[in-house]
Amino acid sequence: MRKVADSLSESSTQPEAMEEDEPLFSNLDLFLFTLIAGLIIYWFMSRKKAEPIPEFKQAPSTRETSFIEKMKKTGRNIVVFYGSQTGTGEEFANRLSKDAQRYGMKGMAADPEEYDMCELSRLAEIDNSLAIFCMATYGEGDPTDNAQDFYDWLQESDGELNGVNYTVFALGNKTYEHYNAMGAYVDKRLEELGAKRVFDLGMGDDDGNLEEDFVTWREQFWPAMCEHFGVEASGEDSSIRQYELKEHNDINMNKVYTGEFGCLKSFETQKPPFDAKNPFLAPVIVNRKLNKAGNRHLMHLEVDITGSKIRYESGDHVAVYPTNDTAIVNKLGQILGVDLDTVISLNNLDEESNKKHPFPCPTTYRTALTHYLDIIHPPRTNVLYELAQYATDPKDQENMRKMASSAPEGKALYQSFVLEDNRNILAILEDLPSLRPPIDHLCELMPRLQARYYSIASSSKVHPNSIHICAVLVEYTTKTGRLTKGVATTWLKNKLVADNGHKSTVPMYIRKSQFRLPFKASNPVIMVGPGTGIAPFMGFIQERGWLKEQGKEVGETVLYFGCRHKNEDYLYQEDLEEAEKTGVITKLNVAFSRDQEQKVYVQHLLRTNKEDLWRQIHTDNAHIYICGDARNMARDVQTAFYEIAEELGGMTRTQATDYIKKLMTKGRYSQDVWS
Ligand code: NAP
């Protein structure tokens, strides 16, 4: 017996062997040959059969993108579009669309991102139709992410909107330069395009009382609409449920949401691209206290984005999804006497709605209250109004309804009992013992817990695989003596690098910003960022250092930082002093506000250095950046720049204001401010 392989090799090297009498292959050889060939074929076949690992793909959308067809199909005459970044615009839109029923009309709330807005001109095809726009302004007068395409369309469109009835309610904050810019723009632009404004633009100011502004506008709006369309208010003021409860007693727990936002199990099988609906679970790799003394907690966190394919630029924001404090969730369960681990779904009664559930379902009450619902902010008046029916004490019931009205007495009560006393839903339940609503209705009414944005405190040139956050723990005692903690900062503080051997993670994604270093590194930069306003400048400084290392010509890099005490909250002191030593920061100016009798703020140092500043701005094309508190600091700093332009540029105040405005338009005066 010869091995087949041997015989073959021999056949080539020893031809004489072929002359032998015995057959070339024995039966056994043939058998082995067939067996091996079979195995090879089987191996090939089975290799062919093995499927590549399927790529995660979103199910093809079966959603209706024509709001006109949808309105016609479902007999609706009012559409309420919302531009919403933090959920309030969407909430107001839902309330208005629900209101319509009370006035014998039928409404639907709609995300402009989900519909073909070119169809607006067709609204006139529907009798007594109306488009309401709840438009929030974001950042520096920008549209919200979901309204960006609509905004672009409005700018480019020369379409005819004749016969389209509309009104706008704007949401914004007076402390910002471009107060309600987006709402005002939509209001003006729709009129230019031929649409008919049937009710005046409403202006909501979150720095004052946004809820009150909305309630007041709405109470005047509906009677005006009834008159406009010649309809009678039905007077039907009772509560209208939007979702019905389904309890799942025997469900496969693998099908239950445990905190994911988009796809079930998306936290277990993480697949890029990562965004608001598919956040990346970034492990926390550093979490340290920044301040050396004092009773506050200022912190520096680093999260690892290795392998996520997430890219960021200095100046971008990182959005994180926090979770609510377990103790508050448990207390809510106790006070309402429910088993928080019951698996439920809240299903929309309107089967045509794009929104099937108020939050990912099926889930447990515990998950909903921990991950999906905002249980910390004082509830809005519509929540109190709807919950009033469950208060068994008539006085409580009356007060709760009163707070939702625009009567002065009701407004004052809401202002003091809810806003000034800072009562969240738990505090309200504790203080109104007769009020014990069913938990599913409460879950239907609570707004969604929103992602929190932080200015990224690192440069991706230096830290491509990590994102740094600088934040201060928010903690205060309310007038009713309750210790209230900021949801996100408390949660971040507790994100220990290793928690019982487990890596702590943070669900996050990136939001691009306009806060960018100059294109030409040789331009000087002037950065003003007291307190945690230093955050984006840590990224800028790292990036300027990196550019220098690359041999680029880097212009002056001047920092104005401010804190309370040198020995207490001088954030990143070592890094900043080192950067000044190596010439990355060309001038480090620090205002210690409380180290002497008179307060010293960053704007005082700006005035001291006015000659240098004026040269940098006026002659050397410096870019100015402000980050931090919007309410007072950013405004006072801007005033300081006006004064410098007046004094050194020989301008009047009006000219100085125009001068700074022009810098803003050219992208040479940028703000990343928060209130
Ligand atoms: P902080 O420590 O309270 O204040 C920093 C310094 O600014 C202190 O020395 C303070 O002085 C001073 N200051 C107070 N009023 C001022 C004014 N009108 N003009 C100039 N300086 C003034 O600051 P913080 O706790 O870090 O908070 C800063 C703000 O920035 C917060 O509103 C925060 O929300 C915001 N922020 C947020 C982010 C983010 O990523 N989310 C990023 C940056 C900034 P005195 O206290 O002695 O008066």
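When a ligand or atom number is given, it counts from 1 through the structure's own listing order. None of these values were measured; they are calculated from a predicted model.
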*Please say which of K548, E580, R544 ends up in a side-chain hydrogen bond (donor to acceptor under 3.5 Å, both in side chains) with T557.*
R544
*Can you tell me the protein heavy atom closest to atom 28 (C) of ligand 1 and the distance?*
T532 OG1, 3.7 Å
*Under-4.0 Å salt bridge between R631 and D629*: no
*Any idea which protein heavy atom is nearest atom 11 (O) of ligand 1, and the distance to it?*
S593 OG, 3.1 Å
*For residues M299 and K289, determine if any side-chain heavy atom of one lies less than 4.5 Å from a side-chain heavy atom of the other.*
no
*Classify the angle between the aromatic ring planes of F280 and F274 as parallel (below 30°), tilted (30 to 60°) or perpendicular (above 60°).*
tilted
_Passing candidate, side-chain hydrogen bond (donor to acceptor under 3.5 Å, both in side chains) with Y312, options S459, S513, S458, S460_ = S458
*Just which atoms of ligand 1 are under 4.0 Å from any heavy atom in G533?*
43 (C), 44 (C)
*Nearest heavy atom to atom 19 (N) of ligand 1 wins, so pick from Q603, H604, R296.*
Q603
_Is_contact(atom 6 (C) of ligand 1), protein non-hydrogen, under 4.0 Å_ = yes
*Salt bridge check: are D569 and R296 linked by an N-O gap of less than 4.0 Å?*
yes
*Before accepting this row, confirm whether a basic side-chain N of the pair E556/K587 lies closer than 4.0 Å to the acidic partner's carboxylate O.*
no
*Considering only heavy atoms, which of I456, D636, V602 lies nearest to atom 18 (N) of ligand 1?*
D636
_Nearest non-hydrogen protein atom, atom 13 (N) of ligand 1_ = Y601 CE2, 3.5 Å
*Does the distance from a Lys or Arg side-chain N to an Asp or Glu carboxylate O, for D658 and K661, drop under 4.0 Å?*
no
_Selected option - heavy-atom contact closest to atom 47 (O) of ligand 1, from R594, R635, M633, R452_ = R594
_P530 neighbourhood, listing ligand 1 atoms whose heavy-atom distance to it stays under 4.0 Å_ = 6 (C), 7 (O)
*Closest protein heavy atom (residue, atom, distance) for atom 40 (O) of ligand 1*: S455 N, 2.9 Å
*With respect to atom 44 (C) of ligand 1, which of P536, A535, G628 exhibits the smallest heavy-atom separation?*
G628
*Is K599 in polar range of ligand 1, meaning some N or O pair under 3.5 Å apart?*
yes
*What protein heavy atom is closest to atom 3 (O) of ligand 1, reported as residue, atom name and distance in Å?*
R564 NH2, 3.1 Å
*Between V472 and ligand 1, find which residue part has any heavy-atom pair under 4.0 Å and reply side chain, backbone, both or neither.*
side chain
*Short list, please: which atoms of ligand 1 are under 4.0 Å from a heavy atom of Y453?*
41 (N)
*Any Lys/Arg nitrogen of K512 or E313 sitting under 4.0 Å from an Asp/Glu carboxylate oxygen of the other?*
no
*Between K503 and D304, is there a side-chain N and carboxylate O pair less than 4.0 Å apart?*
no
_Can you tell me if F592 contacts ligand 1 (heavy atom of the residue under 4.0 Å from the ligand)?_
no
*Between G531, G529, A488, flag the one that comes closest to atom 23 (O) of ligand 1 by a heavy atom.*
G531
*ligand 1 N/O within reach of Y454 N/O, cut-off under 3.5 Å*: no
*Using distance alone, with no hydrogens and no angle criterion, decide if K461 and Q550 have a side-chain donor and acceptor under 3.5 Å apart.*
no
*Which word best sums up how the rings of Y669 and F641 line up, parallel for under 30°, tilted for 30 to 60°, or perpendicular for over 60°?*
perpendicular
*Should you measure from each heavy atom of N632, which atoms of ligand 1 turn up under 4.0 Å away?*
18 (N)
*Taking the six-membered ring for Trp, are F92 and Y82 ring centroids under 6.0 Å apart?*
no
*Does any N/O atom on C563 come nearer than 3.5 Å to any N/O atom on ligand 1?*
yes
*Enumerate the atoms of ligand 1 whose separation from the nearest heavy atom of C627 is less than 4.0 angstrom.*
43 (C)
*Aromatic ring pairing Y453/H317, orientation class (parallel under 30°, perpendicular over 60°, tilted between)*: tilted
_Shortest protein heavy-atom distance from atom 37 (C) of ligand 1, along with the residue and atom involved_ = W674 CD1, 3.5 Å
*Atom indices of ligand 1 within 4.0 angstrom of D629 heavy atoms, with elements*: 29 (C), 30 (O), 32 (O)
